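Positions are given from 1 along the sequence. Because the structure is predicted, anything quoted here is derived from the model rather than measured.
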Amino acid sequence: MSDYQVSVQQLNDLLSNDSGCYSLPSQHFNEVYPRIYVGNAFIAKNIMRLQRLGITHVLNAAEGKSFMHVNTNTEYYDGTGITYKGIKANDTPEFNLSHYFEEAADFIDKAQAQKDGRVIVHCREGYSRSPTLVIAYLMLRKKMDVKTALATVRQKREIGPNDGFLKQLCQLNERLAQEGKVNP
């Protein structure tokens with residue numbers, strides 16, 4: 001295995017390392033990188049709380065999945081000043097979330113480009129889909145390798161992307177390293 005090839009097992013080992021100082025899993029959201037939050041569906045429903053946090057953008061990685069009998073969508077945030085994007089992703093190892101890595105990174109970039117822009121990326125629990133998209137963003141836009149990106153998010157929040165998503169992140173890492181866009 002070359003320097004830039006990382007296995008799913010190596011990433012699972014990083015995730016199971018208890019040396020991280022992440023917040024308790026009962027947190028509804030955590031700032032995992034400056035002005036980038038990972039959260040669950042509960043916080044995404046609370047428009048007043050999002051506004052108090054200064055959230056300008058919401059990326060829902062579980063669009064169409066009803067939670068508390070309300071599905072967040074563009075109409076849900078109409079008139080709030082919050083820009084919304086939804087991705088209909090399943091939290092299964094077979095789902096190709098990598099298909100959405102660039103699209104999600106572009107959306108996060110738009111939030112980051114705004115003066116005082118803040119984005120929350122959420123799914124149902126904020127445990128698998130949404131952290132995977134943020135890790136991919138850190139790799140694509142901040143030139144982090146997969147281990148550094150995963151550790152960056154993991155330090156601030158307990159996460160557990162499924163093995164299929166971890167494999168897709170390993171593949172992204174390999175591609176970016178071959179293109180010279182990430183440090184091995």
Side-chain angles (χ1 to χ4, degrees), residues 1-25 27 29-40 57 59-63 65 85-113 119-184:
M1 208 157 47
S2 65
D3 285 346
Y4 57 84
Q5 287 181 315
V6 178
S7 72
V8 169
Q9 184 58 52
Q10 288 173 305
L11 295 183
N12 273 317
D13 290 346
L14 276 173
L15 287 169
S16 63
N17 178 354
D18 279 338
S19 65
C21 58
Y22 57 86
S23 298
L24 296 173
Q27 287 284 106
F29 65 94
N30 301 86
E31 187 174 21
V32 296
Y33 193 79
R35 299 185 299 126
I36 300 174
Y37 298 77
V38 171
N40 61 19
H57 291 69
L59 176 56
N60 179 356
E63 188 176 63
K65 312 286 186 242
K85 179 166 193 58
I87 294 173
K88 290 175 171 48
N90 295 320
D91 187 8
T92 61
E94 303 78 34
F95 187 84
N96 185 5
L97 191 59
S98 69
H99 178 73
Y100 298 100
F101 286 174
E102 285 289 344
E103 191 179 328
D106 287 346
F107 185 78
I108 295 169
D109 267 346
K110 283 181 185 152
Q112 294 282 288
V119 62
I120 187 162
V121 184
H122 81 89
C123 50
R124 197 169 74 86
E125 299 294 331
Y127 190 72
S128 185
R129 288 168 282 198
S130 51
T132 299
L133 292 176
V134 172
I135 291 165
Y137 168 80
L138 295 173
M139 295 168 66
L140 289 163
R141 300 296 194 264
K142 303 300 178 186
K143 299 190 180 342
M144 291 184 191
D145 66 90
V146 67
K147 287 181 177 178
T148 303
L150 185 138
T152 298
V153 175
R154 172 67 168 72
Q155 283 175 351
K156 304 288 186 174
R157 183 174 182 84
E158 185 174 10
I159 60 171
N162 70 52
D163 284 355
F165 294 168
L166 293 177
K167 182 178 180 185
Q168 293 166 44
L169 290 169
C170 290
Q171 291 165 342
L172 175 63
N173 189 68
E174 192 168 338
R175 179 177 65 82
L176 292 174
Q178 287 172 345
E179 295 170 1
K181 295 179 180 173
V182 69
N183 297 324

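The shortest distance between side-chain heavy atoms of Asp91 and Cys123 does not fall below 4.5 Å. Taking the side chain as every heavy atom from C-beta outward, Val6 and Leu11 approach each other to under 4.5 Å.
Interatomic distance, Leu97 CG to Ser130 OG, rounded to the nearest 0.5 Å: 10.0 Å. Taking CG from Leu133 and CG from Leu169, the interatomic distance works out to 9.0 Å, rounded to the nearest 0.5 Å. Distance check: Leu59 CG to Tyr100 OH gives 11.5 Å after rounding to the nearest 0.5 Å. Interatomic distance, Tyr137 OH to Phe107 CZ, rounded to the nearest 0.5 Å: 12.0 Å. One distance of note links CG of Asp163 with CD of Gln168; it measures 11.0 Å at 0.5 Å rounding. Atom CE of Met144 and atom CD1 of Ile135 lie 10.5 Å apart (nearest 0.5 Å).
Val8 pairs with exactly one of Asn162, Asp13, Leu166 by the side-chain contact (heavy atoms from CB on, under 4.5 Å) rule, that one being Leu166. Just one residue in the list Glu158, Lys156, Gln155, Arg157 forms a side-chain hydrogen bond (donor to acceptor under 3.5 Å, both in side chains) with Asn30, and that residue is Arg157.
At distances below 3.5 Å, not a single donor-acceptor pair connects side-chain atoms of Arg154 with backbone N or O atoms of Ile159. No side-chain donor-acceptor contact under 3.5 Å links Glu102 to the backbone of Asp106. Looking only at distances, a side-chain donor or acceptor of Asp145 sits under 3.5 Å from a matching main-chain atom of Lys147. In terms of modelled atom types and a separation under 3.5 Å, the side chain of Glu174 and the main chain of Cys170 share no donor-acceptor contact. For Arg129 (side chain) and Ala89 (main-chain N/O), a donor-acceptor pair under 3.5 Å exists by modelled atom type. In this structure a side-chain-to-backbone donor-acceptor pair under 3.5 Å is missing from Glu63 to Asn60.
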Would you check, one step at a time, whether the test side chain to side chain contact (heavy atoms under 4.5 Å, CB included) holds for Arg141 with Gln112?
CA-CA 11 Å; Arg141 300 296 194 264; Gln112 294 282 288; over 6 Å; no
Test side chain to side chain contact (heavy atoms under 4.5 Å, CB included) on Phe29 and Ile120 and set out the steps.
CA-CA 8 Å; Phe29 65 94; Ile120 187 162; 3.9 Å; yes
Chi angles and distances behind the side chain to side chain contact (heavy atoms under 4.5 Å, CB included) call for Met139, Val182
CA-CA 7 Å; Met139 295 168 66; Val182 69; 5.6 Å; no
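Nearest heavy-atom pair across Gly126 and Val38 is O-CG1, 3.7 Å. Nearest heavy atom pair, residue Asn90 against residue Phe165, reads O-CZ, 3.4 Å.
Shown here are the side chain to side chain contact (heavy atoms under 4.5 Å, CB included) partners of Ala151, two or more places apart in sequence or in another chain: there are none.
In Lys181, the NZ atom is not crowded: 12 or fewer heavy atoms of neighbouring residues, nucleotides or ligands sit closer than 6.0 Å.
Residues Asn40 and Tyr127 have side chains that never bring a donor and an acceptor to within less than 3.5 angstrom of each other.
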